[in-house]
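Heads up: the structure comes next, in structure tokens.
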Amino acid sequence: MQINKIAPAMNNHQNGQKSFGTTPVNPKTKIFEPVSKPYNTLMDTLTDKIAKGLGKIADQNWFQNFIKKTNDSKFLHKHLTQNLATTYSIILSGMYINKTLSNEKLDEKRRKTLAVNQGIVWGLSTIISYTCDNAINKKVDNFIAKFKQANAHKPAEAINKYVEGIKIAKSIMIFDMVYRFIAPVVVTPIANHIGNRINEKNDAKTKGGIK
Amino acid sequence: MINKISPPLINPKYNNTSAHKPYHPAFKGADAAKPVSKLAKFFAENKKAQRVLEFATDHNLLFGASFAIIITCLLRPTSIMILPSKKNKDDQKYAAAQSIGSGIIGFGLSTLIFTPFEKAAKNVKAAINKDPNALIKDGSSYLLKNKKNIANATTILDRLPDVVFAAPKGILTVALIPPILKYVFGMEKKKDKPKQDFIQPPIYYGTINFKSTTSKNKTVFDNFNGGVR
């Protein structure tokens, strides 16, 4: 009965009720109940609906074909986290390039220059990210071996979770560092230089054609 | 009780000595012979570091957002202010504030959007691992063939919101930066000098004719020749 009051989610689970998102109620947080209760209800409903949606996606043929193709390709499978980060950057950079090209406040030449620069920034950043990630892999593998050795007394399940965390954190940190820090600080001036050279060459060609 | 019987298995200090080899079968051989680095020891012993690793595994999108806030609120503004630039100090300050603003907005939006998604993905992951058939109706499905397929599927489902919400999150961040800078940091972007709508042709003073054609002023300008003596 006590369990019922403290942890209805646990009780629901024990009763075999299938629900994805029930939040256990902490008795210490009663002061915040007027706010936390509707928030938790909303979150539970939302989580439940999203989980059902994700479950449906997992059951779709296209998704399973996609997983099969990912597993069959060594590159896609080995760099899954990195490839997902790159997909994110393609969408974001593509959106910004599209916005630049349709910006009516800028003249056409300026639009093209900026769009080329944004494309170069994205390309260089992606190359740098993959290169750094691959370069650091060996060191991270050595670190993981030593980490496993130092954690030998712990259960294998916990160690596997930490190891997965190290790998995910490594890729996220490298890609974030490159896209958010190295790209604006280091890559943008290089991209501007390359973009200007391309434009100068194009201008020279056009002028040559007119003559 | 267990402590008394087998201290080397419980106490970590016994595990790295040559007298007590690690008991875990996976760590025998070449790895066991290597000395344990300080960093590995730190991660093995520090509970906070382990919590960070657990957080990265369970909430990799929020981990990314947290790391991004360190870059956008600390590293980038510092580099903007320190590195030499053609911009003046005010512009540098504005750029630094813009970076901080985008970091805060990005983190806020990520937390708001990704929290329910990560919770849902975690629950789906648990449900698939517990009973895959409950979620996937087709028994001959590719996902059910081995655990690796399920692991890849859950990784993709985990990061799917990041890809799906990339564009709306970007648009919202760009739209929210100016009001955040104005009302939180008290900064407004200085407007560029208004450009002239037309290009004014150069004036050639040599062609100006001071001799008026109207009869009223004719006498006045008839006597004026211009020029500097």
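Numbers restart at 1 for each chain; the letters A, B, ... are given by sequence-line order, proteins then strands. Keep in mind that this is a model prediction, so the values were computed, not measured.
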With side chains defined as the heavy atoms from C-beta onward, is the minimum distance between B:Arg159 and A:Thr87 less than 4.5 Å? no
B:Thr57 side, atom OG1; A:Lys167 side, atom NZ - distance, nearest 0.5 Å: 11.0 Å
If you define the side chain from C-beta out and look only at heavy atoms, does anything of B:Lys119 sit under 4.5 Å from A:Leu46? no
Hey, are the side chains of B:Phe63 and A:Met173 touching, using non-hydrogen atoms and a 4.5 Å cut-off? yes
Residue part contacting chain A, namely of B:Leu75, when any heavy atom lies under 4.5 Å: both
Given side chains that start at C-beta, do those of A:Leu84 and B:Asp162 come closer than 4.5 Å, heavy atoms only? no
Please identify, among B:Glu54, B:Gln50, B:Glu118, the residue contributing the most non-hydrogen atom pairs under 4.5 Å to chain A. B:Gln50
For the residue pair B:Asn149 and A:Lys68, establish whether any side-chain heavy-atom pair is separated by less than 4.5 Å. no
Give me the atom names and distance for the closest heavy-atom approach of A:Met95 to B:Ala167. SD-O, 3.5 Å
Are A:Phe66 and B:Ile156 close enough, and set up right, to give a side-chain contact (heavy atoms from CB on, under 4.5 Å), and what steps lead you there? CA-CA 10 Å; A:Phe66 177 67; B:Ile156 290 170; 3.5 Å; yes
Just give me the residue among A:Lys56, A:Lys99, A:Lys161, A:Glu164 that pairs up with chain B most often, heavy atom to heavy atom, under 4.5 Å. A:Lys161
Just do the side-chain contact (heavy atoms from CB on, under 4.5 Å) check on B:Leu53 and A:Ile166 with the steps written out, would you? CA-CA 6 Å; B:Leu53 293 180; A:Ile166 292 170; 3.7 Å; yes
For A:Ile67, is it the side chain, the backbone, both or neither that has a heavy atom under 4.5 Å from a heavy atom of chain B? both
One option among A:Ala169, A:Gly94, A:Gly55 has the most heavy-atom pairs under 4.5 Å with chain B, and it is A:Ala169
Distance from A:Arg180 atom CZ to B:Ile70 atom CD1, nearest 0.5 Å? 12.0 Å
Rounded to the nearest 0.5 Å, what separates atom CG in B:Asn152 from atom CG in A:Asn71? 4.5 Å
Of all heavy-atom pairs linking B:Leu157 and A:Ala58, the shortest is CD1-CB, 4.2 Å
Ignoring hydrogens, what is the shortest heavy-atom contact between A:Ile91 and B:Ala166? Give both atom names and the distance. CG2-CB, 3.9 Å
Check: A:Lys154 side chain, B:Ala44 main-chain N or O, donor-acceptor pair, under 3.5 Å: yes
I need the A:Ile168 CD1 to B:Asp158 CG distance, nearest 0.5 Å. 7.5 Å
Toward chain A, the part of B:Thr155 with a non-hydrogen atom under 4.5 Å: both
Quick one: pull up CZ in B:Phe43 and CG in A:Asn151 and give me the separation to the nearest 0.5 Å. 11.0 Å
Smallest heavy-atom separation, B:Val124 atom then A:Ala51 atom, equals CG2-O, 3.4 Å
Atom CG of A:Asn61 with >12 non-hydrogen neighbours under 6.0 angstrom: no
Is the shortest side-chain heavy-atom distance between B:Lys169 and A:Leu92 below 4.5 Å? no
Contacting moiety of A:Tyr96, where chain B heavy atoms sit under 4.5 Å: side chain
So what's closer than 4.5 Å to chain A heavy atoms on B:Leu83: side chain, backbone, both or neither? side chain
Interface moiety of B:Val174 toward chain A, non-hydrogen atoms closer than 4.5 Å: side chain
Under a 4.5 Å heavy-atom cut-off, does chain A meet the side chain of B:Lys122, its backbone, both or neither? neither
Are B:Leu39 and A:Phe147 side-chain neighbours, meaning at least one heavy-atom pair lies under 4.5 Å? no
Distance (rounded to the nearest 0.5 Å) between B:Leu160 CG and A:Phe63 CZ: 7.5 Å
